[in-house]
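Taking it in order: structure first as C-alpha cells, then the write-up.
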Protein chains: 2
Amino acid sequence: MAVQRYSKQRELILNDLKNRCDHPTAEMVYESVVKKCPAISLGTVYRNLNTLAENGQILKLSVGGADHFDGCTDCHYHLVCKKCKRVFDKWIERLPKEIADINDNGFEVGEINVTLYGVCKDCKGL
Amino acid sequence: MAVQRYSKQRELILNDLKNRCDHPTAEMVYESVVKKCPAISLGTVYRNLNTLAENGQILKLSVGGADHFDGCTDCHYHLVCKKCKRVFDKWIERLPKEIADINDNGFEVGEINVTLYGVCKDCKGL
DNA sequence: TTGACAAATGCAAAATAATGCGTTATAATG
DNA sequence: CATTATAACGCATTATTTTGCATTTGTCAA
C-alpha cells in the first residue's frame, strides 16, 4: 500500500470525528469541517472517511441509508432506531467467544460489526 | 397500517429471492424478474424489497455500497469480502446469549445483525 | 357479478450517495 | 533549494434510492 501523506483535510476530518460522540454521515462531517476549511469538498470527506476506516482509525457503519462513521474504535455494539434513525452505543467488555473465534474455512476475518435494529426509548411513545 | 394486497410483482420478487442462494442487490433482482415480467419497473422492485424486509419475510443487508437482500431469514451471520464485495453465509444454531439478551434501558430490540468484514478465500491469493 | 375503494404499479423526475478524473500539493531525493 | 513521483484534492459526473402522480388492479360487500 502507498505511504500515507499528511493532509490538512484529513486531520480536520479525524479531529472532528474524535471530538464528537454521535455517529455522523459523510454529509454531516462535511457540514462540520467546511466551517474550518471552506474549500474542502464533499468528495474529499468521503474519501478520507473511507481511508481512515480502512486504517482502523475510525469505524464505518453501514446501517441502512447513508453510511455512518464512529470515531471510537473501542469494542461496542450499535443500536439503530428504525424510527428516528439515530445510532446508539452499547459498550461491552469483549465480543462473545462464538463470534470472535469464527474461522470460516479460509475467510480472513477483519472488523466485526454487531448491530441491533429496533425502536429507541424516545420513539416508543410516538 | 393498510392491508397488504396480493400482487404478481411482489410474488415474483419474493420467489426469486427465495430460490437463489446469493445476496442480490435491488438491481440484480430486477434483472432477474424482468425476464418473467417485462413490464415491471425498478421502482417497484425497490418498493417491494423494502416492504418485504419490513414484514420480516426477507433480510435487508447494509454492507457498504448498494444494499443487498437475503431470502433466508434463518439465524446466520454474514461474511463480507472487502475485495470482491460478495456476501457469504455463516450458519449458527442460535445467537450468543450475551447478544440475544441485550436489553438497553428502554430500547426495544428487533432484528439483530452480525457482519464480519474480511477477505474471502478466492481473493486472498490475488 | 358489479361497483367502489384504495393498494400497487409504471414511469419519470427528484433526492441522496458515492466515485472518476484532471489538477494541486506533500515530501523524499539530489 | 529545485526536481520529481504520486497522494490527495476539488469539481463534475455517475450511481443508487426514493418519490409524485396518473393509471391499473385486488378485494370486499351490496
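Quick note on labels: first sequence line is chain A, next is B, and so on, each numbered from 1.
Rounded to whole Å, atom C1' of D:dT25 lies 14 Å from atom CZ of B:R47. Between the P atom of D:dT16 and the CG atom of B:D67 lies a distance of 11 Å, rounded to the nearest Å. With rounding to whole Å, A:N50 atom CG is found 14 Å from D:dA8 atom C1'. When the P atom of D:dT25 is taken as reference, atom CZ of B:R5 falls 13 Å away, rounded to whole Å. Straight-line distance from the NZ atom of B:K60 to the C1' atom of D:dT18: 10 Å, rounded to whole Å. Atom OH in A:Y46 sits about 15 Å away from atom C1' in D:dC11, given to the nearest Å. The interatomic distance linking B:E27 (CD) with D:dT14 (P) rounds to 17 Å, in whole Å. Spacing between atom CD of B:E31 and atom C1' of D:dT16 amounts to 14 Å, rounded to whole angstrom units.
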Could you give the side-chain donor-acceptor pairs of residues 30-39 of chain B under 3.5 Å, partners two or more places apart or in another chain?
residue, atom, partner, partner atom, Å
B:S32, OG, B:D16, OD1, 2.5

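When each of B:Y6 and A:L42 is assigned the nucleotide of DNA chain D bearing its nearest heavy atom, the one mapping closer to the 5' terminus is A:L42. Mapping B:S7 and B:T44 onto DNA chain D via the closest heavy atom, the residue that lands nearer the 5' end is B:T44. Across the interface with DNA chain C, nearest-nucleotide mapping of B:G65 and B:I13 shows B:I13 to be the residue nearer the 5′ end.
A salt bridge does not link B:E98 to A:R94: none of the charged nitrogens lies less than 4.0 Å from a carboxylate oxygen. Using a 4.0 Å cut-off between charged side-chain N and carboxylate O, B:E111 and B:K60 make no salt bridge.
A:C120 has its side chain out of reach of A:L79: every pair of non-hydrogen atoms, C-beta onward, lies at least 4.5 Å apart. For the pair A:Q9/A:L12, no side-chain contact is recorded, criterion being any heavy-atom separation below 4.5 Å from C-beta on.
Cluster membership for A:I40 and A:L42, using ILVMFWY side-chain heavy atoms within less than 4.5 angstrom, is shared.
Counting non-hydrogen atoms under 4.0 angstrom, B:A26 reaches nothing in the nucleic acid. Among the protein residues, A:R10 comes within range of the sugar-phosphate backbone only, with heavy atoms under 4.0 Å from sugar or phosphate atoms but none that close to a base.
Here chain B contacts DNA chain C (any atom closer than 4.0 Å to a heavy atom, that is under 4.0 Å), and the contacts span C:dC5 to C:dC11 from 5' to 3'.
Between the side chain of B:H68 and the backbone N or O of B:H23 there is at least one donor-acceptor pair closer than 3.5 Å.
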